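Each remark here refers to the structure printed beneath this line.
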Amino acid sequence: MNPAKTMESSDHSQHAPRRDSAKYDPIRIEQAAQRHWDTSGTFRAREAKDRPKYYCLSMFPYPSGKLHMGHVRNYTIGDVLARHYRMKGHDVLQPMGWDAFGLPAENAAMANGVPPARWTYDNIAYMRKQLKALGFAIDWERELATCEPTYYKWNQWLFLRMLERGLAYKKSGTVNWDPVDQTVLANEQVIEGRGWRTGAPVEKRDIPMYYLAITRYAEELLADLDKLPGWPERVKTMQANWIGKSFGVRFAFPYELDGQSDRLWVFTTRADTIMGVTFCALAAEHPLAERAARDNPSLSAFIEECKHGSVMEADLATMEKKGMPTGFSVRHPLTGETIPVWVANYVLMSYGDGAVMAVPAHDERDFHFARSHQLPIKPVIAIDGVPFSDQVWQDEYADKLHGRCVNSGKYDGLAFAEAVDAVAKDLEALGLGEKRVQWRLRDWGISRQRYWGCPIPIIHCPKCGDVPVPEKDLPVVLPEDCVPDGSGNPLAKRADFVHCACPKCGQAARRETDTMDTFVDSSWYYARYACPDLAAAMVDWRAQHWLPVDQYIGGIEHAILHLLYSRFWTKVMRDLGLVTCSEPFTRLLTQGMVLNHIFSRRNARGGNEYFSPDEVDLTHDAHGKITGAVARSDGRPVLYEGVGTMSKSKRNGVDPQALIDRYGADTARFFMIFASHPEQTLEWSDSGVDGAHRFLKRLWAYGLRHVELATLAVAPETSADRSARRELHKLLKQANYDFERVQFNTVAAACMKMLNLLEEHPHTLETRPFTDEALSILLRLLSPICPHVCHELWRLAGFGEDIVDAPWPLHDDSALLADEIELVLQINGKLRGSLRVSANADRASIEACALASDPAQRHLAGRAPKKVIVVPGRLVNVVA
RNA sequence: GCCCGGGUGGUGAAAUUGGUAAACACAGCGGACUUAAAAUCCGCCGGCGCAAGCCUUGCCGGUUCGAGUCCGGUCCUGGGCACCA
């Protein structure tokens, strides 16, 4: 894999240097420790009765080919927690598996002609080897891959249960369509409105799809966020905003068309502004818009135009706001006024009723739309001190807290809540509307027009319609020898897959060829780890034992979708009696992304081609900022896109293998942990690895010196030992505090400080009571981060058999006691010196001591201080 | 555009509740050891200033005896926006 490494090792074998046993040899140490764990089955999790369980789960990887630094970071963090809790006496389960279905396998197939199944299983084999070399405390007997029929059978089974309960249903959905490749594109495959391979402008297309009714659980998904104190606030906020509960009024504008009376329904959170409505806007897909286009060619063309471009919300939100009148109008439900109806590209068919009332005076988007189309602007809310101008938008116009209704007839003078109530009551009396809760959350569309995924277990019969595959026929197995070519789903071309008999009537029928969103696979894998061998059911009693996951660790990029879908799926499983918990993850650690530079170039067809950072040469400006780059392969410029998360598709991942080969797993793990707080983003750079390696070399050397000292002779403790011991326990106390708040980088720093402390202390028989204690604390504190070297030194030093089962070190309060403490002395808030006082000095004597000090005397110059602030144990501030 | 984060020396970072800004490292510089290099060890290392001292946590303003930390505004940057996973 790595040429430098191959040369190095062949060099070694030729010269066969004498092994210096005193030298830190990570490869030997790590292989020995891993062999030991392997043969003793150390990390096999049994359902223990005598210890509290701790289910520690890291998000499983997509088998993209090689591990990247994000994986190393994720799994090291998880492993640190798993090993820490084991030492604290828990029965730990830490499993590993593969999120094995997905798009990259199909892209690889297109590029290399290898079937996605082969590619995926090869990747898994290589990445498993890499993970094992990192020495994670994983129970490998529970390994699973979502592309195995024994796993995805239960996706299908649960889907059918949901279908029975109406939780799964079929309706039309909008997708990105590449007209050249005749295929559906993922959002990722749409670059600036064009297909990534063909460069053709993407169209929207409506196709039938299966949906899961996650909105039925919206209320519970929102409310239960309050029952997750172990989740980061920011993730809960993001989920709450995503679910988006809003209170408002759904009401109708009546109209007559084609000799019939009808109603145009809208939803608004600002019913208090209803008297300011000057037009209505429809989504392009709205039936009324389509009716209007029937005899209006220019409107029809506009609607057609709206159907081009991507379906992504970010694109919709940033595109130019365009609209066109339908020529139709409706009646204001309260005033009977005639209201013109427009079609606007910013109205979403998928939210609410696909139509909105427009109040330009109090909604920014409506305001700009009205101005560019010369539509009237009618202010109906007045805020003290904010004069209204229809020339320039001001954010205050949309403020609902401080305004009162004006120009609104009987509603004049009412504040927001009263006005909404009054308007809703009047609309209700007319039978034209009511108060209503609206959710931003939409049902989960799971159909994918792709090959490498879990088949949706449906058979389409010309007579019986859509028929679920009977349970006895599950799983519907995906043929593994297909090679996608980019033009549609290869499953549809497989006669042996498609043709089948209808389970109901036995006549010839066609199998559904859409597969499931891969988020389905990852929505319940944590439950299957409890019983991966189970053939008779989805889960059994072992899932009750292990669930919920005590600690889940994964990238912040999953803060919404994956975590929300998993929460939903757990609630469905609970309602089906499969599990008893309502939430799958008790504590959540959202690891920051590992970022790297991204370089790309437009290819001949208009698509995007990415370059790995080690394939380009950089140009910098005077400040060292990257200004450009050229590809080393052809010397031509490439575009620098800035930094972004490491991903296969952007080719900016860094393979940790070279690091592991050169320094060993412990160094890689230590460095990853030391680099930054687990939750913070980390811009990749390998400078600093040397420091981590040096530390382990020094630790090894110290450990060996310690082993060589004769066995313990009891000696009296000196005052130097006492103060070193105070320092040691101070460091340990802080490290344990940092462990609790998962700030592992400072735990690693504490380990370095402990070694510095030991190296500065005499290392003799006499000091051995202290150095023994200190080394045993240091090894245990460090062992979750660098398990191999600590395992070996622990054994050599004779501290015990197996450090993985040694008790977690706790600080000794009595060691922390000191006679004197140092206080910071401030004058007017500025640092002016320090004071040594007795540890039990009272406020008055500290104050006296501060006032007597040189700096205080100088600044006070005989005057009395205005104020003296004493912060116990920290500082004194004299305000002159 | 909307939602959620982040911004501290040349670099990665630390500073628990508002209380010594820069712990611990990396890089750099100087030295010891060495024929030499590597490795190892020792010292220096935010800026200005001869010094006393002054300045410094993206930027502007506020609260406070005291602000990296709290409040308002602003700029830059990362993540998500429902088909990347």
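All of these numbers come straight from a predicted model, not from anything done at the bench. Note on naming: letters A, B, ... go to the chains in the order of the sequence lines (proteins, then strands), and numbering restarts at 1 for each one. Just so it is clear, the values below take in all heavy atoms, side chains as well, and ignore hydrogens, waters and symmetry mates.
Summary of the strand contacts: Met238(A) and Ile560(A) both lie near RNA chain B, and taking for each the nucleotide with the nearest heavy atom, the more 5' one is attributed to Met238(A). When the nearest nucleotides of RNA chain B are assigned to His558(A) and Ala749(A) by heavy-atom distance, the more 5′-ward of the two goes with Ala749(A).
Residue contacts shown for Thr318(A) include a base, since a base heavy atom lies under 4.0 Å away. Residue Arg234(A) is in sugar-phosphate contact alone, with no base atom involved, counting any heavy-atom pair closer than 4.0 Å across all strands shown. Looking at heavy-atom distances under 4.0 Å, Gly644(A) makes contact with sugar-phosphate atoms alone, never a base. Residue contacts shown for Thr645(A) are limited to sugar-phosphate atoms, with no base heavy atom under 4.0 Å away. Across all strands, Val190(A) comes closer than 4.0 Å to no nucleic acid atom at all (heavy-atom distances). Tyr737(A) comes within 4.0 angstrom of a nucleotide base, judged by non-hydrogen atoms across all strands. If you check every strand for non-hydrogen atoms under 4.0 Å, Ala675(A) touches sugar and phosphate atoms only. If you check every strand for non-hydrogen atoms under 4.0 Å, Gln189(A) touches nothing. Nucleic acid contact for Met209(A): base, since at least one base atom lies under 4.0 Å from a heavy atom of the residue. Counting non-hydrogen atoms under 4.0 angstrom, Phe519(A) reaches a base of the nucleic acid. As judged by a 4.0 angstrom heavy-atom cut-off over every strand, Leu316(A) is placed among residues making no nucleic acid contact. No contact: Arg365(A) has no heavy atom under 4.0 Å from any strand. Residue-level contact check: Trp444(A) touches neither bases nor backbone, having no heavy atom under 4.0 Å from any strand. Residue-level contact check: Arg448(A) touches the bases, meaning some heavy atom is under 4.0 Å from a base atom.
The same atom, P, is picked in rA21(B) and in rA36(B); the two are 45 Å apart, to the nearest Å. Taking the C1' atoms as reference points, rC81(B) lies 34 Å from rU11(B), given to the whole Å. For rG6(B) and rC71(B), the P atoms lie 12 Å apart once the distance is rounded to whole Å. Separating the P atom of rC24(B) from that of rC41(B) is a span of 16 Å, rounded to the nearest Å. The C1' atoms of rA82(B) and rG46(B) are separated by 46 Å, rounded to the nearest whole Å. Rounded to a whole angstrom, the distance from the P atom of rA67(B) to that of rG61(B) is 15 Å. Using C1' as the reference atom, rG68(B) and rG19(B) are 13 Å apart when rounded to the nearest Å. Taking the P atom of each, rG62(B) and rA13(B) are spaced 31 Å apart, rounded to whole Å.
Under the 3.5 Å distance criterion, the side-chain polar atoms of Arg843(A) are matched with a main-chain donor or acceptor of Val870(A). A side-chain donor-acceptor contact under 3.5 Å links Asp443(A) to the backbone of Thr215(A).
At the phosphate of rA15(B), OP1 or OP2 sits under 4.0 Å from a side-chain N or O atom of Gln743(A). Residue Thr518(A) places at least one side-chain N or O under 4.0 Å from the OP1 or OP2 atom of rA85(B).
Looking at Trp700(A) and Asp25(A), their side chains never bring a donor and an acceptor atom within 3.5 Å of each other. Counting only N and O atoms by type, the side chains of Asn745(A) and Ser676(A) include no donor and acceptor under 3.5 Å apart. Between the side chains of Asp366(A) and Tyr346(A), at least one donor N or O lies within less than 3.5 Å of an accepting N or O. Between the side chains of Asn155(A) and Asp521(A), at least one donor N or O lies within less than 3.5 Å of an accepting N or O. Side-chain contact of Gln438(A) with Ser246(A): a donor-acceptor pair under 3.5 Å is absent, judged by distance alone. With no hydrogens or angles considered, a side-chain donor-acceptor pair links Asp738(A) and Thr746(A) at under 3.5 Å. Side-chain contact check for Thr645(A) and Ser647(A): no donor-acceptor pair (N or O, by modelled atom type) lies under 3.5 Å. If you check the side chains of Asn652(A) and Trp684(A), you find no donor sitting under 3.5 Å from an acceptor. Between the side chains of Arg197(A) and Gln189(A), no donor-acceptor pair is found at a separation under 3.5 Å. A donor-acceptor contact closer than 3.5 angstrom links the side chains of Tyr663(A) and Asp690(A).
Under the 4.0 Å criterion applied to side-chain N and carboxylate O atoms, Arg442(A) and Glu313(A) are not assigned as salt-bridge partners.
With a cut-off of 3.5 Å on both pairing distances, the Watson-Crick and G-U wobble pairs of RNA chain B assemble into stems of 3 or more at B:1-7 with B:75-81, B:10-12 with B:24-26, B:28-32 with B:40-44, B:46-48 with B:53-55, B:58-62 with B:70-74.
For the pair Gln680(A) CD and rU11(B) P, the computed distance is 16 Å after rounding to whole Å. Taking atom CG of Leu441(A) as the reference point, atom P of rG80(B) lies 19 Å away to the nearest angstrom. Atom CG of Leu103(A) is separated from atom P of rA82(B) by 15 Å (rounded to the nearest Å). Between Arg440(A) atom CZ and rA82(B) atom C1' the separation is 8 Å, expressed in whole Å. Atom CH2 of Trp439(A) is separated from atom C1' of rA82(B) by 17 Å (rounded to the nearest Å).
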Give me the distances for all protein-to-nucleotides 64-70 of chain B N/O pairs that come in under 3.5 Å?
residue: rC65(B); atom: O2; partner: Asn877(A); partner atom: ND2; Å: 2.3

With 3.5 Å as the limit, what N/O pairs link the protein to nucleotides 25-31 of chain B?
residue: rA25(B); atom: OP1; partner: Asn756(A); partner atom: OD1; Å: 3.3
residue: rA25(B); atom: OP1; partner: Asn756(A); partner atom: ND2; Å: 2.6
residue: rC26(B); atom: OP1; partner: Arg694(A); partner atom: NE; Å: 3.1
residue: rC26(B); atom: OP1; partner: Arg694(A); partner atom: NH2; Å: 2.6
residue: rC26(B); atom: O2'; partner: Gly688(A); partner atom: N; Å: 3.3
residue: rA27(B); atom: OP2; partner: Arg694(A); partner atom: NH2; Å: 3.2

Protein and nucleotides 52-59 of chain B: nitrogen or oxygen contacts under 3.5 angstrom:
residue: rC54(B); atom: OP1; partner: Arg832(A); partner atom: NH2; Å: 3.2
residue: rC54(B); atom: OP2; partner: Arg832(A); partner atom: NH1; Å: 3.4
residue: rC55(B); atom: OP2; partner: Lys830(A); partner atom: NZ; Å: 2.9

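Under the side chain to side chain donor-acceptor pair (under 3.5 Å) criterion, Arg651(A) pairs with Glu615(A), sequence neighbours left out. Listed by chain and residue number, Ser649(A) satisfy the side chain to side chain donor-acceptor pair (under 3.5 Å) test with Glu188(A) (two or more places apart in sequence, or in another chain).
Here rG49(B) is in the anti range [glycosidic angle more than 90° from 0].
By the 30° and 60° cut-offs, the orientation of the rings of His562(A) relative to Tyr552(A) is tilted.
Counting all heavy atoms, side chain and backbone alike, Tyr451(A) lies closest to Pro484(A) at CD2-CG, 3.9 Å.
The side chain of Leu682(A) has rG12(B) as its nearest neighbour among rA82(B), rG19(B), rG12(B). Ranking rG1(B), rA13(B), rA85(B) by closeness to the Ala314(A) side chain, first place goes to rG1(B).
You won't find any donor-acceptor pair under 3.5 Å spanning the side chain of Glu683(A) and the base of rG78(B), going by distance alone.
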